[in-house]
Q: 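One structure is given below, represented as structure tokens, and several questions about it will come after.
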Amino acid sequence: QVQLVESGGGLVQAGGSLRISCAASGRTVSQYGMGWFRQPPGKEREFVAGISWRGITYYTDSVKGRFIISRDNAKNTVYLQMNSLKPEDTAVYYCAADYEGTARAMAVAYDYWGQGTQVTVSS
């Protein structure tokens with residue numbers, strides 16, 4: 001069993017930066033793919049970024065060049081650095097872990113999910 005806890009969300013002005021974290025416990029997730037998803041109010045959860053167990057990264061088109069996903073296996077933690085934030089980035093951000101290690105863009109591929117952290121970008 002893996003538990004994931006997100007932190008670091010908050011309110012930021014457009015153009016600003018924020019780093020959110022996902023701390024894993026229960027199991028070492030160094031061999032898991034890790035992903036970040038987000039869900040604006042009333043909308044479906046969507047893929048934001050992923051990092052495979054080998055460190056290969058993936059991003060949805062809307063965040064390429066602005067967001068960076070990384071992992072610190074010694075801390076059993078994954079991060080999402082968000083730069084040049086836009087109001088449309090406002091959402092609850094969720095961390096997810098994929099036992100298969102591939103960090104796919106499909107939510108159904110992930111086995112464990114965190115509770116989410118709110119990110120609000122004001123204009």
Q: Are any side-chain N or O atoms of Thr117 and backbone N or O atoms of Gly9, one a donor and one an acceptor, separated by less than 3.5 Å?
A: yes
Q: What are the two closest non-hydrogen atoms of Ser123 and Ala14, and how far apart are they?
A: CA-CB, 4.3 Å
Q: Please, which pairs that meet side chain to side chain donor-acceptor pair (under 3.5 Å) have at least one residue in residues 4-18, sequence neighbours excluded?
A: Glu6-Gln115, Ser17-Asn83
Q: Are the side chain of Thr90 and the backbone of Glu88 linked by a donor-acceptor contact shorter than 3.5 Å?
A: no
Q: Mind checking whether Arg38 and Arg45 have side chains closer than 4.5 Å, heavy atoms only?
A: no
Q: With a 3.5 Å distance limit and no angle check, can you tell me whether Arg71 reaches the backbone of Ser52 through a side-chain donor-acceptor pair?
A: yes
Q: Could you pull out the closest heavy-atom pair between Asp98 and Ala109, with the gap in Å?
A: OD1-O, 3.2 Å
Q: Linking directly or through intermediates, with side-chain heavy atoms under 4.5 Å: list the remaining ILVMFWY members grouped with Val92, chain and number order.
A: Phe37, Phe47, Ile56, Tyr58, Tyr94, Tyr110, Trp113
Q: I'd like to know if Phe67 and Val119 are part of one continuous hydrophobic network [Ile/Leu/Val/Met/Phe/Trp/Tyr, side-chain heavy atoms within less than 4.5 Å].
A: yes
Q: Should Leu11 and Ser122 count as side-chain neighbours, where that means a heavy-atom distance under 4.5 Å?
A: yes
Q: With rounding to the nearest 0.5 Å, note down the distance linking CD in Gln31 to CD in Glu100.
A: 12.5 Å
Q: Hey, is Lys86 close enough to Asp89 for a salt bridge, meaning N to O under 4.0 Å?
A: no
Q: Would you say Arg66's side chain and Ser84's backbone share a donor-acceptor pair under 3.5 angstrom?
A: yes
Q: Between Asp111 (side chain only) and Tyr99 (backbone N and O only), is there a donor and an acceptor less than 3.5 Å apart?
A: yes
Q: Do you reckon Ile51 sits in the same ILVMFWY cluster as Tyr93, going by side-chain contacts under 4.5 Å, direct or chained?
A: yes
Q: Do Val29 and Met34 come within less than 4.5 Å of each other through their side chains, counting heavy atoms only?
A: yes
Q: Determine whether Tyr59 and Val48 make a side-chain contact, defined as any pair of heavy atoms from C-beta on separated by less than 4.5 Å.
A: no
Q: Is there a side-chain contact between Thr120 and Val12 in this structure, where contact means two heavy atoms from C-beta onward sitting under 4.5 Å apart?
A: no
Q: When hydrophobic residues are tied together by side-chain contacts of less than 4.5 Å, even through go-betweens, does Tyr79 share a cluster with Leu4?
A: no
Q: Between Cys95 and Trp36, is a side-chain contact (heavy atoms from CB on, under 4.5 Å) present by the stated rule, with each step listed?
A: CA-CA 5 Å; Cys95 177; Trp36 286 100; 4.0 Å; yes
Q: CZ of Arg27: more than 12 outside heavy atoms within 6.0 angstrom?
A: no
Q: Check whether any side-chain heavy atom of Ile68 lies under 4.5 Å from a side-chain heavy atom of Leu80, and answer yes or no.
A: no
Q: Any side-chain heavy atom of Ile20 sitting closer than 4.5 Å to one from Met82?
A: yes
Q: Taking ILVMFWY side chains as joined if any heavy atoms are under 4.5 angstrom apart, and letting links pass through other members, which residues group with Met106?
A: Val108
Q: Short question: side chain of Tyr32, backbone of Ala103 - any donor-acceptor pair under 3.5 Å?
A: no
